[in-house]
J.: 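Starting off with a structure, shown below.
Every value quoted in this text rests on a predicted model; they were computed, and no experiment measured them.
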Amino acid sequence: MGTKSKVIDIEAIVRSRVGRRGRYVPGFVFSWLRRLIHEDFCNEFLRHGYQGVEFCEKTIEYVGVTVKVEGKENLPPKDSPYCTFVCNHPLGAIDGVTLGAVLGGHYDGRIKYLVNDFLMNLPGLAPLCVPVNKVGGQARNLPEMVEQIFSGENHVIMFPAGLCSRRIDGVVQDLPWSKSFIVKSRKHQHDVVPIHFIAQNSDRFYRVANFCKRFHLPNFAMALLPDEMYRSRGNHYTVRIGKPIPWQTFDKSKTPVEWAAFVREEVYKI
């Protein structure tokens, strides 16, 4: 990359996360990782310094995908009480920035979403995010961080599956949804707006993900997500926004886990 500065330096990121063990990682591994995440392609875009909603909008433009949004009339008005927007998670990257662009544009940037803390290495996305590390020491603070995002003055965007979709029984679909959005939406009186993002990753991604699960390996499929985004150039996706579900719906007739499963089913019906 010559003298150009790096916004993303995968070698520095890996070394910071593995500590002293980083000195044992051979150089060819970092070369492979740079190609896998398309470091040059990403940095060429990140050097523009886009922030927040504009970052999301420009990412879609830079990658070259087109998105059709159906059901915009179902979005609550700008002056409505804060809502929780929940969506299936088929892609792991483009779906996230698309929701940031669509909802952030509609609500003048008053949005926040919980993301894997690894994404905080993208400075343009950071203003919209609350980082979560479910496996590190920060995991102890996860309930407080979820409470923080729901008690703030922003609409909340969540992918309740936590991980992007897998191929289950031959069908690309989310893993079971976490109950946290039900519990917090009910507590903070957030209506829940279901969103269905129609897309899928490559067969390679699902093979790797299922292989890791079968043999109890770390989630190596996550490392493929930048390459999946790169491969999506020129693709077309559809986003369907459903009608808001009043928070009062989530009563004691079902447990929070059952209500989460109910909303997940409703998303796939949209």
J.: Restricting to side-chain hydrogen bond (donor to acceptor under 3.5 Å, both in side chains), what partner residues turn up for D191, sequence neighbours left out?
T.: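 By the side-chain hydrogen bond (donor to acceptor under 3.5 Å, both in side chains) rule, D191 matches no residue at all.
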
J.: I'd like to check F197 versus T238 (side-chain heavy atoms, cut-off strictly below 4.5 Å). Are they in contact?
T.: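 Contact flag for F197/T238 side chains = no.
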
J.: List for me each residue that meets side-chain hydrogen bond (donor to acceptor under 3.5 Å, both in side chains) alongside Y237, sequence neighbours excluded, and say none if there are none.
T.: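 Once residues adjacent in sequence are excluded, the partners of Y237 under the side-chain hydrogen bond (donor to acceptor under 3.5 Å, both in side chains) criterion are N235.
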
J.: Is the closest basic N to carboxylate O distance between R204 and D227 below 4.0 Å?
T.: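 Between D227 and R204 there is a salt bridge, with a charged N closer than 4.0 Å to a carboxylate O.
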
J.: Which ILVMFWY residues are connected to L217, directly or by a chain of links, through side-chain heavy atoms under 4.5 Å apart?
T.: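 Answer for L217: F211, F215, F220.
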
J.: Taking the six-membered ring for Trp, are the ring centroids of F85 and Y113 within less than 6.0 Å of each other?
T.: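 No, too far apart.
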
J.: Give every donor-acceptor pair under 3.5 Å between a side-chain atom in residues 58-67 and any protein atom, sequence neighbours left out.
T.:
from	atom 1	to	atom 2	distance (Å)
T59	OG1	F55	O	2.7
Y62	OH	F41	O	2.9
T66	OG1	H236	ND1	2.8

J.: Taking the side chain as everything from C-beta on, heavy atoms only, tell me whether I168 gets closer than 4.5 Å to N210.
T.: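 Result no, sub-4.5 Å side-chain heavy-atom pair not found.
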
J.: Listed by chain and number, what are the side chain to side chain contact (heavy atoms under 4.5 Å, CB included) partners of Y268, not counting sequence neighbours?
T.: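 Side chain to side chain contact (heavy atoms under 4.5 Å, CB included) list for Y268, sorted by chain: N88, S165, Q173, D174, H196, R264.
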
J.: Between S80 (side chain only) and P77 (backbone N and O only), is there a donor and an acceptor less than 3.5 Å apart?
T.: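 Confirmed, S80 side chain pairs with P77 backbone.
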
J.: Say whether, by atom type as modelled, one donor and one acceptor occur between the side chain of N154 and the main chain of K112 under 3.5 angstrom.
T.: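 No, because the side chain of N154 does not come within donor-acceptor range (under 3.5 Å) of the backbone of K112.
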
J.: Under 6.0 Å between the ring centres of H188 and Y82?
T.: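 Not under 6.0 Å, so no.
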
J.: Is K179 salt-bridged to E258, cutoff N-O under 4.0 Å?
T.: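 No, no charged N to carboxylate O under 4.0 Å.
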
J.: Does anything in residues 239-250 form a salt bridge (Lys or Arg N to Asp or Glu O under 4.0 Å)? List the pairs, not counting sequence neighbours.
T.: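 Listed once each, the pairs are E70-R240.
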
